[in-house]
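A quick write-up on the structure given underneath.
All values derive from a computational prediction rather than experimental measurement. For the numbers below, each heavy atom of this structure counts, side chains included, while hydrogens, waters and symmetry mates do not.
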Amino acid sequence: MMSKEELNAAKRVMATSKKMVDRGFVVGTWGNVSTRIEEKIVITPSRMSYDKLSPEDMVIVDMDGNVIKGKWKPSIETPLHAAIYKARKDVNAIVHTHSIFASAVAVTRCGIPPIIEDLVQIVGGEVNLAAYALPGTEELAGNAVKALSDKNAVLLANHGLIGVGRDLEEA
């Protein structure tokens, strides 16, 4: 049973997941969303359609990815989310998308230069590219943390985009 705080966080993760579907940032069950509650992570479940999720479907894991609460398997990218939270105490929310545009740029294996002021203000400069690694691996998590550095977004080579923030709206 989730606490009130966990349930509220699960509702926010679910709402963000549904926004991603509505905006075309994900297809099917690709992509994932999480938020931090102290030393716990509320994350989307693996292989479940976001438009059918309820708050109770969210999974709560510790910072090592061990399931604390939930009836489903957490996202395959749980190691990626956990690594970012461990490295960045200022980050309380992560959104991982496979949007068409981000994915198209990610396959070029180039970052996005800071060509407009909005990018500089929101992301913190160039969107770096994390070196390729298989999804769900510690290697991908390490590559993403390194490339993300102190910025708010990172492209994952041949994969998609990670956005981070103080809350889900910012991410």
Side-chain angles (χ1 to χ4, degrees), residues 1-103 106 122-124 130 134-138 140-145 148 150-156 159-171:
M1 186 82 156
M2 288 187 204
S3 71
K4 184 176 181 181
E5 181 183 30
E6 292 166 344
L7 185 58
N8 286 336
K11 287 177 181 177
R12 292 191 305 275
V13 169
M14 181 194 72
T16 301
S17 300
K18 290 180 188 241
K19 278 185 197 175
M20 288 185 2
V21 170
D22 291 344
R23 294 179 181 171
F25 292 165
V26 293
V27 176
T29 62
W30 295 93
N32 33 75
V33 178
S34 74
T35 192
R36 180 200 323 237
I37 303 174
E38 296 171 12
E39 293 302 308
K40 296 180 284 189
I41 302 167
V42 179
I43 193 163
T44 49
S46 184
R47 298 183 176 251
M48 291 188 70
S49 180
Y50 294 139
D51 56 347
K52 296 179 177 140
L53 289 177
S54 72
E56 293 77 14
D57 291 322
M58 300 307 137
V59 184
I60 300 173
V61 299
D62 65 20
M63 286 296 169
D64 293 319
N66 301 304
V67 175
I68 298 170
K69 294 180 184 175
K71 57 186 174 185
W72 308 112
K73 181 179 175 187
S75 169
I76 188 174
E77 297 299 359
T78 298
L80 174 61
H81 289 247
I84 293 170
Y85 288 128
K86 287 178 183 177
R88 295 276 305 271
K89 300 302 179 201
D90 61 315
V91 170
N92 291 311
I94 299 170
V95 175
H96 171 44
T97 76
H98 290 243
S99 70
I100 293 169
F101 297 115
S103 296
I122 295 168
V123 173
L134 290 172
T137 63
E138 295 292 337
L140 177 62
N143 293 351
V145 166
L148 180 63
D150 63 346
K151 296 183 180 165
N152 293 329
V154 64
L155 285 167
L156 305 175
H159 191 134
L161 176 79
I162 293 283
V164 303
R166 293 171 290 188
D167 56 36
L168 284 164
E169 192 63 37
E170 188 174 88

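Among residues two or more places apart in sequence or in another chain, the side-chain contact (heavy atoms from CB on, under 4.5 Å) test is passed with Ile37 by Glu5, Glu6, Ala9, Val42. Residues meeting the side-chain contact (heavy atoms from CB on, under 4.5 Å) test with Thr137, sequence neighbours left out: Ala133, Leu134, Glu139, Leu140. Residues forming a ring pair (Phe, Tyr, Trp, His ring centres under 6.0 Å) with His96 (at least two apart in sequence, or on another chain): His98, His159. In this structure Asp51 satisfies the salt bridge (charged side-chain N to carboxylate O under 4.0 Å, His left out) test with no other residue, sequence neighbours excluded. For Pro55, the side-chain contact (heavy atoms from CB on, under 4.5 Å) partners two or more places apart in sequence, or in a different chain, are Leu7, Ala10, Lys11, Met14. Residues that satisfy the side-chain contact (heavy atoms from CB on, under 4.5 Å) test with Val145, not counting sequence neighbours, are Ala83, Ile84, Ala87. Taking Arg88 as the reference, Asp90 meet the salt bridge (charged side-chain N to carboxylate O under 4.0 Å, His left out) condition, with sequence neighbours excluded. Every residue was checked against the side chain to side chain donor-acceptor pair (under 3.5 Å) condition with Arg12, not counting sequence neighbours, and none meets it. For Lys151, there are no salt bridge (charged side-chain N to carboxylate O under 4.0 Å, His left out) partners, not counting sequence neighbours. When the salt bridge (charged side-chain N to carboxylate O under 4.0 Å, His left out) test is applied to Arg47, no partner is found at least two apart in sequence or on another chain.
The salt bridge (Lys or Arg N to Asp or Glu O under 4.0 Å) analysis of residues 21-39, with sequence neighbours excluded, yields no pairs. Screening residues 52-78 for ring pair (Phe, Tyr, Trp, His ring centres under 6.0 Å), with sequence neighbours left out, gives no hits.
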